[in-house]
Amino acid sequence: MAGQHKSEFSNPLINWIDTRLPIFTMMQQEYGSFPTPKNFNYFWNFGALAMVVMMIMIATGIFLAMNYQPNSELAFGSVQHIMRDVNYGWLIRYVHQNGGSMFFIVTYIHIFRGMYYGSYKSPRELLWMIGVVILLIMMATAFMGYVLPWGQMSYWGATVITNLFSAFPIVGKGIVTWLWGGFSVDSPTLNRFFSLHYLLPFVLVGVVFLHVAALHVVGSNNPLGIDVKSPQDTLPFHPYYTVKDSVGLCVFFIVYAVLVFFAPNFLGDANNFIPANPLQTPADIVPEWYLLPYYAILRSVPNKLLGVCMMFGSIFVLFVLPWLDTSPVRSARFRPIYRQIIWVWVVSFVILGYCGMNKPEGIYVILSRVATLYYFLHFLVILPILGKLERPLPLPESISRPVTGGGGPLPSGATAKPMGKA
Amino acid sequence: MADSSAATVAHHGHPDVTKRDFLMLVTGATAAVGTAAAAWAFIDYMNPSKDVLAVSSIEVDLAPIAVGQGITVLWQGKPIFVRHRTEKEIKEAEDVPLSDLTEPQPDSARVKAGHDQWIVLVGICTHLGCVPLGNKPTDPRGDWGGWFCPCHGSQYDTSGRVRHGPAPANLPVPPYAFESDTKVKIG
């Protein structure tokens with residue numbers, strides 16, 4: 001149609017392929033020479049780290065599925081079979097089990113990076129929203145994966161979470177029966193959760209691709225939060241950031257390995273070593289640590305429907321964050337008040353997680369209500385008002401200026417308007 | 001191409017609505033209905049299958065249940081509480097003013113006439129589906145002497161009615177009938 005692509009690769013085989021399907025040119029443009037702001041700090045490692053955990057999870061998951069039995073009679077035993085009988089089954093399973101936690105640690109830091117440095121602001125709103133979709137898919141996948149070992153916490157976690165949908169008037173009961181494929185969580189539920197737990201990671205890969213594609217259109221944000229003004233502000237992605245990501249990756253693998261080899265059940269729940277029993281609820285039903293804050297929000301509201309709405313709302317509010325934050329300045333570095341209150345929000349999130357771990361009694365009820373209130377107040381009230389009241393610090397003229405003290409010649413007008421949208 | 005077809009149609013005297021518009025609508029509508037019909041198969045596929053739906057009823061022998069005790073049996077995958085209430089518990093359940101209840105229901109509507117010492121309930125907390133404690137006399141039974149849900153602290157009275165949140169409704173009574181004084185059929 002449009003003729004052949006003119007490839008610049010000298011290797012004849014690569015050239016032959018690249019002429020017909022320019023994937024090598026694309027890789028070179030997007031990951032080789034890709035111009036990247038030169039002032040990244042280590043917070044910018046976490047997207048790449050999340051990508052690595054995702055691939056580890058898919059690889060280990062596919063192998064676990066070879067020995068797992070998605071049947072309520074066999075599931076618990078088949079996981080024990082993997083742990084005890086299958087060669088390196090313990091390793092693959094512990095890497096997968098703790099990989100879930102590592103995935104969320106890395107992703108939460110990645111999200112915090114976005115919030116601290118204003119990466120969700122124009123022109124990266126859609127990039128951010130796709131990221132929220134990724135978070136939702138991760139949560140759904142993690143929840144269904146946790147059900148598969150069919151221990152007590154698997155069973156009762158599934159029961160409590162699927163019952164959330166019964167809060168909706170009229171259709172609620174029907175939805176829950178439909179989700180279960182029966183009148184309680186049982187084999188049909190386990191079967192479909194296994195099917196979806198296998199499917200969703202591949203959906204995740206697709207959405208991550210969109211996330212990265214959107215990133216490569218608008219370009220990366222950076223710790224100063226100002227736009228790239230000239231080639232002097234950037235470095236080619238390879239080798240500068242491939243190397244920087246590798247350093248972070250080593251640290252990441254050390255933490256991951258410590259978990260897998262020295263404390264593989266540190267983040268797990270002892271109740272999940274007991275096979276599922278529909279007749280006995282464990283004394284305390286708690287989700288995995290990464291879902292605790294949302295669980296605390298759910299329990300902080302005495303009304304069932306309102307609690308469910310607040311819990312989902314706590315994620316959905318992130319979708320509109322780019323429009324709730326009215327400040328034109330991206331990086332918290334230049335926002336003296338935001339730089340402090342973002343930490344109050346982090347503290348409220350951690351308190352919620354802590355409350356989610358404990359029975360909803362006494363001090364934890366009050367704490368979780370205060371923290372829930374602040375969580376929403378931060379997004380719905382403080383951010384919209386703060387953007388109008390706060391006086392930001394003066395922004396540097398370019399990325400190069402604070403880094404090298406010099407920097408290239410600036411395009412005219414850039415000094416007067418340091419940020420495109422400001 | 002579009003111009004020439006429009007011209008042809010105009011020649012036949014229907015300048016606004018063309019045959020092509022009609023075909024577009026019919027094709028689109030057929031595709032939409034067909035897609036919806038196909039989607040229904042996938043949606044309904046996830047509903048309970050026939051073997052799950054098959055009403056499995058169970059019979060429960062009441063003779064071994066002493067006064068003040070309860071047992072839990074499994075019916076359609078759900079725990080069913082069968083409790084032999086004491087005189088005091090029956091009286092407490094009957095004497096509560098309906099205005100005190102979250103979901104007002106007299107005790108007489110929740111037991112079978114002449115068998116008011118027996119209460120049969122689906123033992124699933126109406127909050128988020130945990131199994132409340134209280135069937136064994138040694139279990140915590142809450143402030144109203146019935147059942148106590150360990151998950152989120154809901155409490156039920158001796159008639160299985162919710163008395164303390166967050167549960168929004170009473171424990172449901174499953175369909176059951178007395179076959180004799182010491183035997184019930186549930187389902």
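Within every chain, numbering begins at 1; the chains are lettered A, B, ... in the order of the sequence lines, protein sequences first and strands thereafter.
Here B/Lys78 contributes atom NZ and A/Leu279 contributes atom CG; the two are 13.5 Å apart, rounded to the nearest 0.5 Å. The CG atom of A/Leu164 lies 8.0 Å from the NE2 atom of B/His127; values are rounded to the nearest 0.5 Å. One finds the OG1 atom of A/Thr159 at 8.0 Å from the CD1 atom of B/Ile124 (value rounded to the nearest 0.5 Å).
Within residues 154-161 of chain B, no residue has a heavy atom under 4.5 Å from a heavy atom of chain A.
Shown here is A/Glu73, whose CD atom has no more than 12 heavy atoms of other residues, nucleotides or ligands within 6.0 Å. By the 6.0 Å contact criterion, CZ on A/Phe202 is enclosed, its count of non-hydrogen atoms from other residues, nucleotides or ligands being greater than 12. Heavy-atom neighbours of B/Leu98 CG from other residues, nucleotides or ligands within 6.0 Å: above the threshold of 12. By the neighbour-count criterion of 12 heavy atoms within 6.0 Å, atom CG of B/Asp181 is sparsely surrounded, having that number or fewer from other residues, nucleotides or ligands. By the neighbour-count criterion of 12 heavy atoms within 6.0 Å, atom CE of B/Met24 is sparsely surrounded, having that number or fewer from other residues, nucleotides or ligands. Annotation: B/His84, atom NE2; neighbour count of heavy atoms from other residues, nucleotides and ligands within 6.0 Å is above 12.
Nearest heavy-atom pair, B/Gly129 versus A/Asn163, reported as atom, atom and distance to 0.1 Å: CA-ND2, 3.3 Å. When all heavy atoms of B/Pro48 and A/Gly182 are compared, the pair lying nearest together is CG-N, 3.6 Å. When all heavy atoms of A/Pro282 and B/Pro150 are compared, the closest pair comes out as O-CG, 4.4 Å.
Judged purely by atom type and a 3.5 angstrom limit, A/Thr281 uses its side chain to pair as donor or acceptor with the backbone of B/Val131. A/Lys304 places a side-chain N or O within donor-acceptor distance of the main-chain N or O of B/Thr126, the cut-off being under 3.5 Å.
For A/Ile285, the part lying under 4.5 angstrom from a heavy atom of chain B is the side chain only. Interface remark: B/Ile43 contributes backbone and side-chain atoms alike to the contact with chain A (heavy atom separation under 4.5 Å). The parts of A/Trp178 that come within reach of chain B are both its backbone and its side chain, each placing non-hydrogen atoms under 4.5 angstrom from that chain. In this structure, no portion of A/Ile175 lies under 4.5 Å from any heavy atom of chain B.
Annotation: maximal heavy-atom pairing with chain B below 4.5 Å, among A/Ser166, A/Ala167, A/Gly181, A/Ser184, occurs at A/Gly181. Between chain A and the options B/Cys130, B/Pro79, B/Ser49, heavy-atom pairs under 4.5 Å are most frequent for B/Cys130.
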